[in-house]
Amino acid sequence: MTARIAEVLIPLALDQTYSYAVPAGLDLAAGDVVAVPLGPRSRIGVVWEMRPGSGGNLKPVEGRIDVPPMRPALRKLVDFVARYTLAPKGSALGLALRLPGDAPDVTRVGVRLAGPPPERMTPARHRVIEAAAGGLVHTKRDLAKLADVSTGVIDGLVDAGTLETLALTAAPVVEDPDPAFARPDLSPDQRAAAQTLAAAVATAAAERAGTAPPPPVILIDGVTGSGKTEVYFEAVAEALRLGRQALILMPEIALTSAFLERFAARFGVRPAAWHSAVGTRRRDRILTGVEAGSVKVVAGARSALFLPFRDLGLVVVDEEHEQAYKQEDGVCYHTRDMAIVRGRLEAAPVLLASATPSIETRVNVGWGRFRRVALPERFGGRSLPSITTIDMRRDPPSQGRFLSPLLLREVERTVAAGEQALLFLNRRGFAPLTLCRACGHRTSCPNCSAWLVEHRFRRALVCHHCGHTERVPEACVACGSVGSLVPCGPGVERIAEEVAQCLPEARRIVLSSDFPGGTERLRTELEAVAKGEADIVIGTQLVAKGHNFPGMTLVGVLDADIGLTSGDPRASERTFQLLQQVTGRAGRGAKPGRALVQTYQPEHPVIAALVSGEAERFYAEETAAREAAGLPPFGRLAALIVSGEDRAAAEAHGRALAQVSEPPPGVMVLGPAEAPLALIRSRYRFRLLVKAVREVNLQAYLRAWLARAGKPRGSVRVAVDIDPMSFL
DNA sequence: AGCACGCCGACT
DNA sequence: GTCGGCGTGCTC
């Protein structure tokens with residue numbers, strides 16, 4: 001037998017595999033999970049490749065870990081993610097290598113009658129033997145309960161040989177979803193869409209073995225309330241009928257029990273939910289089930305993308321446009337894009353669902369890489385809310401107020417009719433700025449120079465960038481004047497105060513991400529609101545997403561202009577999506593809805609498109625504007641190359657490198673005059689970007705490239721907007 | 001990730 | 001004179 005060398009990838013920030021000798025008698029293959037010595041310790045790694053050779057003076061592999069090997073598709077995904085994000089391979093492996101923890105084994109212990117009665121009989125023992133009569137297998141706990149004794153008695157009988165133990169197969173972590181459980185009642189549009197999706201699933205399943213064309217990526221572009229979920233459930237049903245697994249990816253906040261219940265209503269049982277709040281024990285069981293193929297459907301947040309599916313037949317990316325899909329620390333990747341890669345590697349169609357698809361997805365549809373299935377109408381004959389603007393220059397609120405009289409009147413009418421109103425303001429806290437009337441000083445964060453936001457409920461000034469918190473001072477820190485500090489501008493807390501003054505009878509609730517009591521309480525509050533336990537919701541963007549409020553007929557957008565001037569290249573797109581989502585909250589129940597949008601610039605393209613409903617035109621214009629501005633085309637990694645933390649040096653470097661005619665592959669060099677420089681306007685964000693770059697290892701990549709290209713090295717720093725669009 | 005080596009501030 | 005900060009580098 002030829003001696004062989006194992007190339008082992010270790011889930012650390014290492015970009016190479018390490019070579020190990022394979023001891024005699026150990027038969028290893030690519031994908032095997034092994035323990036290897038690394039420095040002074042032993043590490044778990046994955047055999048990435050086997051190659052012939054004599055181990056020589058290499059350290060030997062310590063041994064194989066008894067877990068299923070990593071499948072080729074998942075290994076290829078790891079390779080791809082590393083290459084695409086310029087992350088070290090080992091870091092990418094870290095996303096995919098999940099070993100069941102050392103939680104106690106999940107097999108329950110069963111006992112049954114197997115021997116003669118014990119020499120010492122007691123009443124308790126007698127009851128146990130009676131209960132166990134018939135030879136049935138019971139779990140320890142059940143039998144103890146049945147006989148009304150403690151489990152200690154059972155243990156005693158096991159020791160005496162009267163009972164024997166045997167391993168019971170654990171109850172499955174989830175029951176099998178039944179594709180025939182409840183056939184949905186679909187509209188003709190929905191049915192046609194569902195058939196298209198199901199056909200794609202079936203075709204991909206039939207062709208997976210051959211050298212078929214890659215499975216399709218299909219955008220389900222449906223207005224809010226059009227029943228996208230019900231439609232893609234039919235694709236899930238098809239995957240189930242074919243015996244394949246399905247993965248539904250969604251932003252963490254959307255993984256509510258409401259969603260899981262909707263799934264259960266269609267398939268009879270909840271899917272396996274995979275997110276950060278799932279306990280380790282349950283995670284282990286889901287992991288094993290996914291690997292064995294017994295868990296058929298996983299609904300999960302982005303980390304679920306790397307689960308070791310045995311036969312993945314469908315990937316759904318719900319709310320495809322969501323920013324939460326971007327992983328920004330560690331390996332920086334976009335879950336949607338990597339889901340597309342995984343779909344291709346697994347021969348599984350990928351469905352992207354959104355009411356407000358991202359620009360890159362639209363472009364990909366336009367280029368013919370993705371297919372598109374449209375659901376242009378709300379389900380059940382419901383109409384989309386009417387959207388009108390309130391020009392704040394013509395109908396301003398009274399002094400010191402933020403609600404236009406027009407909006408206030410509508411809110412009042414809504415509440416009087418027993419319906420719900422949502423006031424949307426994407427700003428947490430009471431006031432975004434605190435100003436000293438005496439000297440003009442603005443309270444700002446000592447760490448990052450952003451303004452401190454007053455949180456009146458908490459009686460604190462908070463930096464929304466770094467989290468710095470301080471007490472609201474009595475006197476101005478600059479001039480010492482007492483009582484001169486005035487809040488400027490509104491946050492949701494301040495709006496709540498205004499609502500309390502204007503409509504004191506109405507039940508109101510403020511919902512923002514800093515809701516006291518954390519995510520759990522927030523979820524219960526959201527459900528309470530959905531049941532109608534509030535008249536007026538004052539909320540930040542978290543109310544724009546996911547949740548369904550059937551009684552909500554009015555949405556008031558308080559400051560539609562927020563975010564339009566942020567300097568972020570995606571500002572317009574994001575604002576448009578956010579406003580479309582939030583106005584779409586209105587009229588999802590029996591009664592039609594309307595939305596009023598307060599703005600100082602009703603003629604702004606974003607606002608105009610929102611009101612006219614001409615989303616397509618807006619996206620086309622936005623795409624063209626980006627191209628004209630030299631912003632990265634979709635399919636590239638954009639990099640802004642700067643040096644050090646000093647702005648002037650950064651710009652000089654940027655200028656120099658912008659003249660380089662051949663940027664390294666995959667990297668687009670942008671000059672300092674171009675828009676992304678706005679990203680480094682504040683020190684804080686700049687640091688973040690530098691951090692991001694260190695993590696994607698772009699710096700090392702560029703350094704190597706500079707050396708090869710014979711360019712001066714300098715101290716190269718790189719800032720990137722990691723937004724790699726699919727280049728498939 | 002750990003754990004080493006290595007070069008500059010406050011202390012027995 | 002040392003202890004200790006964390007910056008850079010290495011692990012087959």
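Predicted, not measured: the structure shown is a model, and the values here were computed from it. Sequence lines set the chain letters: A, B, ... in the order given, protein chains first and strands last, and positions in each chain run from 1.
Side-chain contact, A/Glu7 with A/Ser19: a donor N or O sits under 3.5 Å from an acceptor N or O. Looking at A/Thr17 and A/Glu49, their side chains never bring a donor and an acceptor atom within 3.5 Å of each other.
The distance from the CG atom of A/Leu352 to the CD1 atom of A/Ile340 is 5.0 Å, given to the nearest 0.5 Å.
OP1 or OP2 of C/dC12 has not a single side-chain nitrogen or oxygen of A/Arg43 nearer than 4.0 Å.
Rounded to whole angstrom, the span from the CD atom of A/Glu62 across to the C1' atom of C/dC12 amounts to 12 Å. Separating the CG atom of A/Leu97 from the C1' atom of B/dA1 is a distance of 14 Å, rounded to the nearest angstrom. Atom OH of A/Tyr20 is separated from atom C1' of C/dC12 by 5 Å (rounded to the nearest Å). For A/Trp48 and C/dC12, the CH2 to C1' distance is 17 Å, given to the nearest whole Å. The nearest whole Å value for the distance from the CD1 atom in A/Ile44 to the P atom in B/dG2 is 13 Å.
A tilted orientation is assigned to the rings of A/Tyr325 and A/His334, their planes being inclined by 30° to 60°.
A/Arg98 contributes no side-chain N or O that, together with a main-chain N or O of A/Leu287, makes up a donor-acceptor pair within less than 3.5 Å. Between the side chain of A/Arg244 and the backbone N or O of A/Leu312, at least one donor-acceptor pair lies under 3.5 Å.
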Find every protein N or O atom lying less than 3.5 Å from an N or O atom of nucleotides 3-5 of chain B, and list the pairs.
none

Protein-nucleic acid N or O pairs under 3.5 Å, nucleotides 9-11 of chain C:
residue, atom, partner, partner atom, Å
C/dT11, O3', A/Gly39, N, 3.2

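Of all heavy-atom pairs spanning A/Leu93 and A/Val78, the tightest one is N-CG1, 3.6 Å.
Among the candidates A/Glu322, A/Arg336, A/His321, A/Gln577, the single residue satisfying the side chain to side chain donor-acceptor pair (under 3.5 Å) test with A/Ser358 is A/Arg336.
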